[in-house]
*Asks:* 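The structure that follows is given in the form of structure tokens.
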Amino acid sequence: MLRVTSMDLTKIKVDTLAIAVCEDEDIHDDPIIKTVIRRALKLREFSGQNDETVTLYDVPDVKAQRIILWGLGKLEKTDREALRSMAGKTVKHCIKKKLANLCFAVPKPSMIKMEMSTVLETMQEGAYLGNHLFHKFKGEEKKKALKQIHFRITEQVSQKLRQLSARVAAICEGTTLARDWVSTPSNEKTPEKLTRSIVSLATKQRLKVQVLNEGQLKQKKLGALLAVAAGSQSKPSMVLLEHKTPGAKKTLALVGKGVTFDSGGLNIKTGTSISDMKSDMSGAAAVAATLITAAKLKTKVNIIGAIPIVENMPSGQATRPGDIIRSYAGKTIEIGNTDAEGRLILIDAISYVVKRYKPQLLIDLATLTGACVVALGDKIAGVFSNDDDLAAAIVASGEKTHERCWRMPLPEDYKELLKSDFADTNNIGNTRAGGAITAALFLSEFAADTRWAHIDIAGPAYLKTGSAYCGPGGTGFGVRLLCDMLGAVL
Ligand code: BES
Ligand code: MN
Ligand code: ZN
């Protein structure tokens, strides 16, 4: 879908040529483009301010039917995310106008003070992701995504740039796969269905796939996971995906929370807090999509993906508040609240992975707490880690990909809040205060001395209204972040 070209503007046959313009500096060196911009500026209809646009038709020397000039604002404010957003919004604009063929005139890297690879990567990400639609369940008013998006550069198209485009497309495809899983309604992704969907796509990419079914989970005593699943008609599972690289010595484990619907269980959620809980498997979606992408890109590391999948429902069979259960690690847990279910399935997955695969590094992703959304809002994820380097690497990848992460503390003395009178631990803290931290501390006990990080994505995993390069629904948060990290951590 992404094409890089160095063809002349007099020859590129597209509906629309999109040109990014800064208000204070030239960022293009093509004489035709410079003339077009100069003329528009002269008419005073357009000054290049952020998100200001103007459309010009039948411009001399340009084959495209129309040119859209898109303002970026000041050059010093034009960073990676500004380019992503501009590209995403332009694509969305074209979809709305039912235009099928778009070409971006890529700014000259030296003039925009970035590497060519950065300019191209970010514009392609924004464009690819902005072109994604979740409209499977729509009839008549189905929108049409663009078939191809071209990126015109003024230098020769090298093999390196072609490879970069292929990598961007693969990672964005992973992101949209995660988005689709998250946006799918819970009736269409029961634990059985989601398990099958992950297994089928993972098998196609030649990942090693293993599924622990309910019988095996019982036999292996993953009691915390089973306690969450107890109230649902659907059967739980744990999907294990392996991407192996011959010669690679170290293994990274990724664990993703896969609650296909979180009603809260017997501590049923009230009011509006229940309505978006189809998104409670966003961690699972990100982990599965990252493994599939890593396999596609033949990323040179060993990765294990562990994905516990359950539905949290109330029923006569459901686990009750006050029940005491035994986790896979052997610790007993008093259920203070059945709505604190994510941490229960995660600890069994984490202990299982640590025992069975002994990874050098473990990262879990989970829509774990509303408290994290209160703390950081819905655009930034919380990172908790027992390892400074790992936390720093996650935050750095978050900056680069704009899947922003902020490190939060794991204070030893807060562990007291999780004490139970009757069991080894309670699954909730005895106060609402610091809820994201107590949840993370609960997990930390089960990572033991493995280098571990927990990313609470309850905020950024799901959008009620779209953004520059995402529609309403799942965002695919975590896929670009993890794919970026895979290069860095091992
Ligand atoms: N899935 C929710 C967390 C969540 C909240 C995700 C908002 C996305 C948006 C989680 O299982 C949950 O219910 N957490 C409780 C924990 C509490 C009972 C200790 C919460 O945050 O209220
Ligand atoms: Mn819950
Ligand atoms: Zn949940």
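In listed order, ligands and their atoms are each counted from 1.
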*Asks:* Closest non-hydrogen protein atom to atom 15 (C) of ligand 1, residue and atom name please, with distance?
*Replies:* Asp339 O, 4.1 Å
*Asks:* Decide whether an N or O pair under 3.5 Å exists between Thr369 and ligand 1.
*Replies:* no
*Asks:* Which atom, among the N/O/S set of Glu341, is closest to the Mn ion (ligand 2)?
*Replies:* OE1
*Asks:* Considering just N/O/S atoms, say which atom of Glu341 is closest to the Zn ion (ligand 3).
*Replies:* OE2
*Asks:* Specify which N/O/S atom of Asp280 comes nearest to the Zn ion (ligand 3), by atom name.
*Replies:* OD2
*Asks:* Within the structure, is a non-hydrogen atom of Arg432 found at a distance of less than 4.0 Å from ligand 1?
*Replies:* no
*Asks:* Under a 4.0 Å heavy-atom limit, does Met277 contact ligand 1 with its side chain, its backbone, both, or neither?
*Replies:* side chain
*Asks:* Within a distance of under 4.0 Å, is there any protein heavy atom near atom 22 (O) of ligand 1?
*Replies:* no
*Asks:* Among the N, O or S atoms of Asp262, which one sits nearest to the Mn ion (ligand 2)?
*Replies:* OD2
*Asks:* What's the shortest distance from atom 14 (N) of ligand 1 to any protein heavy atom, and which residue and atom give it?
*Replies:* Leu368 O, 3.4 Å
*Asks:* Any heavy atom of Met281 closer to ligand 1 than 4.0 angstrom?
*Replies:* no
*Asks:* Tell me whether the NZ or CZ atom of Lys331 lies within the 45° cone about the ring axis of Phe446 and under 6.0 Å from its centre.
*Replies:* yes
*Asks:* Are the side chain of Thr338 and the backbone of Gly264 linked by a donor-acceptor contact shorter than 3.5 Å?
*Replies:* yes
*Asks:* Restricting to N/O/S atoms, is Asp280 within less than 2.8 Å of the Mn ion (ligand 2) or not?
*Replies:* no
